[in-house]
Each structure stands twice: as structure tokens, then as C-alpha cells.
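What follows is a single structure, written as C-alpha cells, with notes after it.
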Amino acid sequence: MEERDTPSMTRRGVMKGVGGIAALSMSNATIADAQAAITDSLPSDPHTADTYRSIVDAIVPRTPQLEEELGPEHVPGGLDVELEKFLIWDFNHFQEVRSEMITEKAGGASGPEMPRGMFEVTLDATGLGSDLDAVLDLAGLDLLDLVDLGLDGDALEEHLTFGPVERFEVAFADLDTAAEGPAAFEVTVETGDERYHRVLQNYPYAPVFTLVFDVVAAEFIARGENEDAVSRGNERFPAGGTFVQLSREDRLRCLWTIVEGGTVDRLDELLSPFLPQLGILKFVVMAVNGLHGFGYYTEWSGYGGTKTDTPNDRRLITPAGEVQSRKQSGYPGPAPGYAADWRHAVPGGFEDPPAEELTLPDDLTGDDVLDGIGGDT
Amino acid sequence: MEDPDVVIVGAGADGPAAAARLAREHGLDVLVLEAGPWHGNSKWPKPHADAGGTVSTDPDDLDGKLMDEQFTHREADANDPTWGYLRVGPADHSRAPWFRNLHQNAFIWQVSAVGGTSVHYFGNHPRAYPYAVDEQPHWPISYEELVPYYQLNEEVTSSQQAPITAKEEVFIEGAKNAGYDRIDTKNVTETGWRPQINSVEVPGRETSNGQPLDSEYDGSFSYDDGFRGDTLVGDHFQGSSTPVDAPVRDKARKSSNVGWVPRALDATADPEMGNVALRPNTFVTNVNTVEGAGALEATGVDYRDTWSGKTGTIEADAVVLAAGCIESPRLWLNSGLPDDGWVGKGLTTHWFDWVVGVYSDETIAEINPEARHMDPYVGQNSAVRFDKPGVGGMEDIGMSPGLVSYADYLFTRAGYSFDVEVDPDEPWDTRGYVVGEELKRRMSNYRQTKALLILTDDLPRQDNGVSLDGTFSDEHGAVPKVRWEPHPDDDAKRDELARIAARIHRAAGAEHVHRCDWPPLLLHMQSSMGMGRVLDSNAEAYNVDRLFVADHSALANGVGGPNPTNSGQALALRTADRIASLYF
């Protein structure tokens, strides 16, 4: 049931991406012409896919233990409908970056233009001692700096891995700041024996977040905040990094440290190079959880093979009331109306006087204002 | 329209009400510019795929069957914040939404479209608590002054007491058992429960077979077959274009695109009235001003077409901002207009929370002998409420399961319920995110589950609001940066309301009560350009003549907790009268 993109499928996606960028650079092709080729499928690199798969598995798991009590329809989980693709699609369509707003000038933004470097990142783990060394190199830090930041460099080095990812790059594709329109980005992920290359119309947040989650997870483990044993060489999500090595509940506890645990502050200097702005990570954790509601428990999986097409190209293959999650909730799907019993609670309706005859008490103070705290009034 | 008297920025809940009033009562020509798409208009048959027409002035352009095609009532189709047909973003669905920089565990829920966020509201249409209007020092006008405008708005929007179906009977059972009395007035000064005042027509006002709409009804719900009124579908957050086949103006739920837009366009068709033109897909990027006699004076706006990128300028004798609590201040600030400290500030959002009750079949059968389940998707989404002026309110909610799973179990500031300890003195069993096997177990009880939405009376505070982001910009300038944090007083009020909600669930016989402890949900946004702070008692800017604000951002506070649509629209109607009186 748990279908996955195979490397060969992913390479076909690369070819589509390359075709898309070729169209984009043709003088008589519009962004809209090129866009369909760029975003019409969603193969992702295996590190990204497995990281989101591990989150889906934690929030909407397969539950064979419910079969006897609730029925066989309650067994499948989010991975059975490829919910990770929903998360990846939504994050990759989260923010449009406009070509004409980009400047080649370095440094902070002043006025409406945004520096090119803010949206480009290259993490290179080859030729360096460890994945932590690659992060330090990217951040312009060394191990001694970590001490100043209050971080345990040795522990981070021991725990941090991006799995098979050896090189990760996000770069503008054929940026022309003289032309108006959404900028396209190239995402390149190299593993020991594969190279994944995609062109996307929006900033590719989905794969970037997964690297961030690995760093956060390494610090989570280094601080001893995991409650369950770490599982190196996780066979369920073999392409993931540190994050997927956590137990289901620890993955969620780890994400929560971003919201409540001060992670963003502690790791600010390490993580800043990964993202245009780190502050959105708390919003991201809200979305990582909430998107399961917008994905799994809606009719999204009913779009079948079109579910990661652009919205106008999606077609409902399975009726809205018959998708997997709807069988689990008992909701029949939208209807034009319901034959149901109803009544009016105030017989005859409210009879308030016209404005000129309105008499309200002179001593409006609110009812109990705060006196009633405790809920007993 | 080349030379309007008034240009209104935004055709959301409030802009069309102001436009209709200016044209119908005062004979003015009004151009309304809307950044989002227009659903149910024959000039835009594929509003998300094709640029369509430019401007519509004719009520005959409105097409209810087209709206039925566009509003599928499917949850992901409608409500996904990234690609749903009801989102904040360009009409072109191959593009991402408009970015707002939010550094919080929080969620902004708005819609850019003709009708604005009212396109996905539940139709709840209560008035402000009189206390909230009269006792706040920054309100420059009295409650009594708003009442005639409330009455006008309630008439146009068919506002009336909501129908009570199975899920509401459960709430009423709980409220009565907990000792609360029924309130029989729209002007609420005391604590109690009452049916919602909803801007949705009476259920089955005329049924297709001439029989009552009840559980025995077996007729058609199609307008073409003679059905009139509400069809009792709880799909309001998906756009709810019922009865199917009805003309736009005869759809049961009077979101602004149904209630006010046809009425505004009718003015154009009437030679005795002024003209209204409405132009969607048009993002206003600048308010133009000249130095006047001692003050700046607004002269018009610059805009950008969201499909073609073409820009232009419109001149008018008065400019009205109705772009909402985020975009109105953003436009102000991006236009470089003067800010003496409160532009964009004082944002209130009702400090929401959400308390969920799960009931057994037996309990439901005792309350509703004829029903096996509550079926939260049957009936209006929210048809009964609780009011406690000075503290806030709450409302009973039923929705479809995608929305329920998100709101009930996947949106919290408390952490994961498997780690959250619950104080044994509190009246709820669990709190926080519910995930894994437990989430699936709870969702298997969807048809016996409903929630109470807490609407806390939060007050305007200068730390909360909208500013220009220093990092990101889009084709319209610096993006908005949004921040909202609760004040300890608001936390205390919210805790009280959550306890009352849990006790109402208990008193109705709930088997399990879950407090979500929501983080900020920026849905009922108000007062970021508040009267008494940025605006005077005419809703005209203190610092710029001929520039008015007629959206919920002009409200001086959160109206005490009740849903703000009726108050925002009533104030916009009053502002239209003030504009005509001052300048025409």
C-alpha cells in the first residue's frame, strides 16, 4: 500500500523540470506556459520524502490494533494515501518570490528589494569531516564558536546526520531581475549514487525544512530531551537523517521545541543560512501539524494521480464521501440539503424596539466582568 | 468607470455595503476595487484559470449556477490555505498565496475575493454588546447610534434567529442544566444563551413539494424545482451556494457577495441612483495625496492588475479603505501616509479557544429521541450561542471532518496531549494536540462530536498589530508583518469561558471533554485602524482628509466578543452617510 517514488520516477521528474526551465527562457513563452511543466508532478528527493513520511506516520499512523474494535477501515493511515506529498506540495507553494524584487547587492534588505543571497543556500558535506562540519562551514562558524553559543559540539557532531545527503543546493534558475514574474528555483540534492534536480516556481521550503529538522533533532538528542531510544539506521525511512531516527512521539516532541523550547534562539546562528528568515519556523510547526487536517481528513486523497497537480488540474477520482479518511469518520460528503427536524428556540422571534424607543440600562458594566473567573457564574 | 466620486479599496464584507449606501441613498458613483477573484459572475467563468473580464456593473452578470460549479463544498478544494478557492492570494491558482510574515504558532484565516472573508463565514450576525461600545473610552460613538444601521443591515442580510437542529438541542440541554437562562433580545446586557442571529434565510421557506422541511421531507433542494431558503447544509465555510440553482441573490446565506453586492449593482440599473462598478483582480498599491489646507488630502489610488501586471491610477473625491485589518494598514504604510503610532496597531482577534465534547449514542438519543447522531454537518454551522458581556461569548459549532480534525485536535499552544498533564480540578479530560491512534479514535466519533468556540473580549493593545516587514516584499511592496499575543487579562477571561464551555458539555452529558487551548487564530480581526486612534468619529483619517476606513479595522475594539460582521457592516453604512454628508 505504501507507494513511493522510485529513483527512476524521480529522474523523469527531473526531465520535466528541465523542460520547464527551457520554456521559461524562451522569449515568447509566458510564465504560465512554463509553469505547468514545472509544477505538474511532485517527485522529491528521498531525504525530503522520508522526513515528511516520518511525520505523517507519527500523526496519522496505520492502526491495525483498531481493526477488531472499530473495523478494518480504521487500519490504514496517512502513508497509505501518500499524505507526505500533500505536505511537500503545500510547503513548496507557500511563498512566491518575484524576480523583479531581487537585487544582486549583498547585505540586508533596504526598501523593497531583497538580496539574492537570502534565497540561495549550498550545503556541501563532501570533503569535510562530518555533517556538522558542513553546517559550520555554511554558517561561517567553527567548533569553538559552538561553545560560545552554549551548544555541545561533540554531541551535535555525534548525532547530526542528513542521511544520504552529501550536497544540497537551492539556487535561482535563470534569474532575470529585469523581467517581472515569479522566480524559479533549482533544487539539487546529491547522494552517494544519485543526483536529484528539480525546478520549482516558488521558494522550495519543503526540502529546506527537513534539513532544519535534522539539526533541531541533533540538538534535541544532545540535550537528552528524547524520551525513547534513538534508532540509528531507521529501516522505515532509510533516506532520512537524524530526525527520522527519533521515535514517533519524540519526533513530535522535537518539533515542539521549536515552538516552546527556545530552539530557534539557541540554534539561530547555525540555522540562519538555511532559510530566508528563521522566525517563520514556529508558524511552520503549526502547519506541519495542521496540514494533516487539511489533507488526510478532507477528500484530498480522492484526487488520485492528480492530487499534486496545480489546483485547476485536480480531478476528484474517488467521491468525497468515500475516501479512506471519510470511511473512518462516517461523513458522507457534501449534499445539496438535509431533511432534518428543526425548530425556533424563541417563539415568535426577537421583538426588539426600533432604535428611537430603545432603553438600555444606564449602568452597563458587563455581567460580572472578571468576578466570575472560575466558571461558577 | 472613469471618474468615480468615491473609490473603495476592497469588496469584502464591508466595502459593498458602503458602496450600496453611497449609490442608493446619496446618488454617488462608486468604483470598488477588489484584489481577489469574483465567483458567480459570468464575466469570469473560470476565475482561477483565466483573467476573464475587467469590470462588472450589471446585476445580470451574476450567475448562481456558475457559483454552484465553483463552490464545490469540498473541504480541501475550498479551505486549503495554500490552494483552496477561498484563500488570500491572487485569483490565478497556479501561483502561491500572498505572503504574510508571521513569527508565531498562529494562523491567519482570511479570503481575498468579492465578498472577502464573509464568503466562508458561518453567517453569524449578532450585534456588539452595548457594554463594549459604550464603556470603552476610545469609542467615539454610542451603541444607540449604531442601532438603526444594525436594523438596516439585518433587513438586507435576512438576519434572524437560527434554526435549532439536533446538535443545538444538545447545547441547549447543557446550558439549561448548567443554570443559564434564555436571552430574548439582540441588545445583550446579561449572561445567558440564545439562538444565533444568522444572516441565513429560514430553512425551507418554500419547499419543492409544499411540505415542511423536516426529517420526513423527500422533495428536491433545487431552486429550479421551487425550493427557497436554507437547505440546512453545514458547508458554510466552503462557500455554501445553496439552494443549488438559485440566482446569486437568492442563495440562502447572505455573505457580502450574496447580500450586498447584488444590491449595490442594482443601483447602477436604476436611473434614480448612482452607479456602482466592481473590478476584481485589482490590487491597490498606493493612496495618492496632495498637500491640502493644513492637512494631506487623498486624491485617488494606484493599482496593479493581478493577471496582467498592468498598473493605473484612479482619481476620486474620496478614498475608502476596506481592504481588511491587515491590508488596510499595510496599504497606508506602503503609501507613506503619516503614522502617529496606532496605524496597524491595536489589532484584536477575539482570543479564541475551542472546547470539544464527545457524546454517546445513548445520550444523544435521550435528548433527540428521533436522531441517532448529532451529525455536526447537518444544520447551520453555528446556530446557538452563549453571551457574557464583559468577558466574551461562545458558540456551538458543527463542521465537516477536515475542519473538525484541524480545529479540534491539530491546533494548540499546549503541546501534545500525550505529554500534557491536566489539572484534576479543571473540567476537561485532555488538552493539546491529539495525534496517532488517539486522533483516529476520536475522529471515528466525528458524528457524535461537536465543539464550542470561545470568543474572548480582548482589548486593543499597541503591541499587537500589523507593520511592514523588513525582510520580504512582493509585487505590491513590503509584505505585512503580523503579531498578536494575548494579555494576561484576556487569558483570564478565556479560561473562564473555557470552564463554562466544559461545564455546559458536561451538563449535557458529554463523555469526554477536550480543551484545545488554541494559539492565536486571526479570523475575527478588528480595530487595527481604530476609531478614536487613527480615525475620527466619521471614520475619516485624523491625518488625511477625504480618506476613510470602512472595514472591521475601523472598529474601536473587538465589540466585546460577538462575531464582528454585523458591526463592521453597520459601521460601514454609517460611514457612507458621513462621507456623503461631509463631501457631497
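Each chain gets a letter, A, B and so on, in the order the sequences are listed, and its residues count up from 1.
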Is the ring pair A:W256/B:Y433 parallel, tilted or perpendicular, if the boundaries are 30 and 60 degrees?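 Rings of A:W256 and B:Y433: perpendicular, over 60°.
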Could you tell me how the ring of B:W83 sits relative to the ring of A:W89: parallel (under 30°), tilted (30 to 60°) or perpendicular (over 60°)?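 The rings of B:W83 and A:W89 stand perpendicular, inter-plane angle above 60°.
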Part of [X] within contact of chain A (heavy atom distance under 4.5 Å):
X      : answer
B:W193 : side chain
B:R182 : side chain
B:I172 : side chain
B:E370 : side chain

Centroid-centroid under 6.0 Å between B:Y217 and A:Y338 rings: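 No.
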Please determine if A:R253 and B:D419 form a salt bridge, counting it only when a charged side-chain N lies under 4.0 Å from a carboxylate O.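 Salt bridge between A:R253 and B:D419, a charged N being under 4.0 Å from a carboxylate O: yes.
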Excluding sequence neighbours, so at least two apart, what forms ring pair (Phe, Tyr, Trp, His ring centres under 6.0 Å) with B:H93?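 Ring pair (Phe, Tyr, Trp, His ring centres under 6.0 Å) list for B:H93, sorted by chain: B:H48.
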Kindly say whether A:S325 contributes a backbone atom to a donor-acceptor pair with the side chain of B:K440 at under 3.5 angstrom?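 No, B:K440 side chain to A:S325 backbone: no donor-acceptor pair under 3.5 Å.
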Donor-acceptor contact below 3.5 Å, side chain A:W342 vs main chain B:L213: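 Present.
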Run the numbers on B:Y150 and A:D352 for side-chain hydrogen bond (donor to acceptor under 3.5 Å, both in side chains), then give the verdict. CA-CA 12 Å; B:Y150 277 134; A:D352 288 309; over 6 Å; no
Results of side chain to side chain donor-acceptor pair (under 3.5 Å) for A:R251 - residues two or more places apart only: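 None.
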